[in-house]
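Only one structure is covered here, and it is reproduced in the block below.
Naming: A, B, ... by sequence-line order, numbering from 1 per chain.
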Amino acid sequence: MSADTASVRSVPAEALRSPGPSFLGVVRGELLKLSRQRALWALLAGGTLLLVVTGLALLTTGDLETRYKASHESFFANTFDILGALFNTGSGIVLLLSAARLFGMEYSGGTIRILLARGVGRLQLYLAKLVALAVLGAGLLVGFTAIAGAMIAIAIQSWTGSIGGLTSLPPVSVELLKVILLVALVSVGVTVLLGSTAAILGRSLSFGMAVAMGFFPADNFGTLILFILQRVTHNDAILKVSAYLLGPNLNVLVSLLEPGLKLRPIFASPLVTVSAAHAWTVVGVYSAVFLAGSVLLLVRRDVLE
Amino acid sequence: MDAVLETHDLSKSYGSRPAVKKLNLSVGQGEIFGFLGPNGAGKTTTIRMALGLIRPSGGTVEVLGQDVARHGDRVLPRVGALVESPALYLYMSGRDNLKAVGDLLGGVPSRRIDEVLELVGLSGRQRDRVKTYSMGMKQRLGLAIALLHDPDLLILDEPANGLDPAGIVEMRDLLRGLAAEGKTVFVSSHVLAEVQQICGRVAIINLGELVKVARVAELLESQGEFVVLVENAEAVLELLQRQDWGRSARMDGGSLICSSPTGRGRDLARFLAGAGHWPDSLAERHQDLEDIFLSLTGGDR
């Protein structure tokens, strides 16, 4: 350490003075924290490898080629639906872990006190972290779409000698793609809110990660338990509970929004018939509860870490 | 001297348990102000309230003339703080830690990051992950973070933690240098010898209440007592305690602590010699901060 501080401060004091915290600056800091997480990069590399291997395995089977040649609409409907479900699951894992870590580490490491002691508002910090996670989610969607699109293009090129079938998609497939993208974005949003709420609630990295990672499996597995309970008790009302679980409603959204395509959700869906409006409401209520809960806990609690 | 940090009837309770009771403090610009108290006295709670981390149950904290609870976003960017153990992103490098904190206020020039790293002696390890740092290095990085935006007020909670003796000396010099530049340093420490050496004034807090605020020099001034080494100390003690001016005489270890009939050492020596007790040595008694701290907080050595 040097006592001669005056001589080492070559940056003018005015250049270091800030009128207050900068929201964009806070977001940039959060992105820096995300980008330095080796575990995140390892997860992304693993996910990409898995996507490519799975995609190649699917696309090189003769079944898909036959289906493509028989009906472009049917091929794209099934392919997009499967890819959408894959994205929601894969991105869900990445985002839940990232959200729980980005929030939880501030509590576990005590670094939240550095941030707030600089005058950063609690709400400002919360929103900045959400924005950083949304950027990650958007990046995942763009990356996934690019890789999946490239694989489909390669497959169609090898089957027909041209990628014309992909560049001029049937209108119904374009509509489906829009719905899948919309649901993917909603899924990204809900997932980020869930992961952050878990970490804020427990004020801990490990608690946040455990709850965030356990929520969707428990949610999906819950339908199976409800089904078994109904079989044992013969009480149909039990099945209605599944209509209020988050995961099953998210899983069924695409098929509800595109009823004409008669898509069947890959993962658990509500055990009773639900409408698209109902599914949106359930997803919206969960999101609102996560958001309000996080804000309330962040704003009202003292920072004792 | 303008007040840089002021508390007005500052209070904090956790349930029915009061942690800080109506604390009134005023720290002027350019001061190195020591904040002392035993564990659980309310030091860290006070610091956290000053940094907007904890909401006061009553009263206010003003930093640079503005209420922290209402205008924290305006004044806290001008405060650098190190609260308890340094809080760092262990998976990131030292340099990235500084970048991440610098971004909070819109970013700092890369040159400034180089400077503070140089200042705390971490330039050579700036690219290493913080998890590989020693405790002392983490403390230095925490200090670098506190200094990053060239703050007007530096609030340091136990800044010497983990530092080796050379590091402690360097930090002492650094804090003096900062004060000489007009910066205000508010330092809470258990290392009373350090506080005694660097602080101009100290506040002593115990059980959430302010016990004393005074200049260190005043606290250390002689109380008119003498340390006497003499044969038959017990007999001399009895003799002294029979005098009007000597009732406070007492034994401390093997030494006799007592006042003088006139406040002057030679008159005490004359009295003892006159009574046939020639002292082996007689010296004015100076208390150190630790003695004063313990007597004010009711602690034992």
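In this structure, B:Arg55 places its CZ atom where more than 12 heavy-atom neighbours from other residues, nucleotides or ligands lie under 6.0 Å away. More than 12 heavy atoms of other shown residues, nucleotides or ligands fall within 6.0 angstrom of atom OH in B:Tyr14.
Two residues are said to be in side-chain contact when any heavy atoms from C-beta on lie closer than 4.5 Å; B:Arg129 and A:Arg38 meet this criterion. The side-chain heavy atoms of A:Pro21 and B:Leu105, taken from C-beta on, include a pair separated by under 4.5 Å. Residues B:Leu51 and A:Leu116 have side chains not in contact (no heavy-atom distance under 4.5 Å, counting atoms from C-beta outward). Counting heavy atoms from C-beta on, the side chains of A:Arg118 and B:Ile145 come closer than 4.5 Å.
Only the backbone of A:Arg301 has a heavy atom closer than 4.5 Å to any heavy atom of chain B. Neither the backbone nor the side chain of A:Leu125 comes within less than 4.5 Å of any heavy atom of chain B. With a 4.5 Å cut-off on non-hydrogen atoms, B:Leu82 does not touch chain A at all. Using a 4.5 Å cut-off between heavy atoms, A:Leu24 makes no contact with chain B at all. For B:Leu88, the part lying near chain A is the backbone, with the side chain staying farther off; criterion is any non-hydrogen pair under 4.5 Å.
Separation of atoms CG (A:Leu304) and OG1 (B:Thr44) is listed at 11.0 Å; rounding is to 0.5 Å. Put simply, CG on B:Leu90 and OG on A:Ser108 are 10.5 Å apart, with the number rounded to the nearest 0.5 Å.
Between chain A and the options B:Asp96, B:Asp114, B:Val101, the largest number of non-hydrogen pairs under 4.5 Å is found for B:Asp96. The choice from B:Gly102, B:Ser93, B:Ser85 that makes the most heavy-atom pairs within less than 4.5 Å of chain A is B:Ser85. Looking only at heavy-atom pairs under 4.5 Å with chain A, the residue among B:Leu122, B:Ile54, B:Ile155 that has the most is B:Ile54. Considering only heavy-atom pairs separated by less than 4.5 Å from chain A, the leading option among B:Ala87, B:Gly52, B:Ala81 is B:Ala87. Chain B forms more heavy-atom pairs under 4.5 Å with one residue of A:Gly119, A:Gly109, A:Gly121, A:Ala128 than with any other, namely A:Gly119. Counting heavy-atom pairs closer than 4.5 Å to chain B, the top residue among A:Thr111, A:Leu32, A:Val26 is A:Thr111.
Checking B:Tyr89 against A:Glu106 by side-chain atom types alone, a donor-acceptor pair falls below 3.5 Å.
Although no hydrogens or angles enter the test, the distance criterion places a donor-acceptor pair under 3.5 Å between the side chain of B:Arg48 and the main chain of A:Val303. For A:Arg28 (side chain) and B:Ala100 (main-chain N/O), no donor-acceptor pair under 3.5 Å exists by modelled atom type.
When every heavy atom of A:Lys33 is checked against every heavy atom of B:Tyr91, the shortest pair comes out as O-OH, 2.7 Å. Listed here is the closest heavy atom pair of A:Arg113 and B:Val83: NH2-O, 3.0 Å. A:Gly20 approaches B:Pro77 most closely through the heavy-atom pair CA-CG, 3.9 Å.
In summary, of the residues considered (B:Asp73, B:Leu76, B:Leu104), a side-chain contact (heavy atoms from CB on, under 4.5 Å) with A:Val120 occurs for B:Leu104 alone.
The existence of a salt bridge linking A:Asp302 and B:Lys12 is confirmed by a sub-4.0 Å separation between a basic side-chain nitrogen and an acidic carboxylate oxygen.
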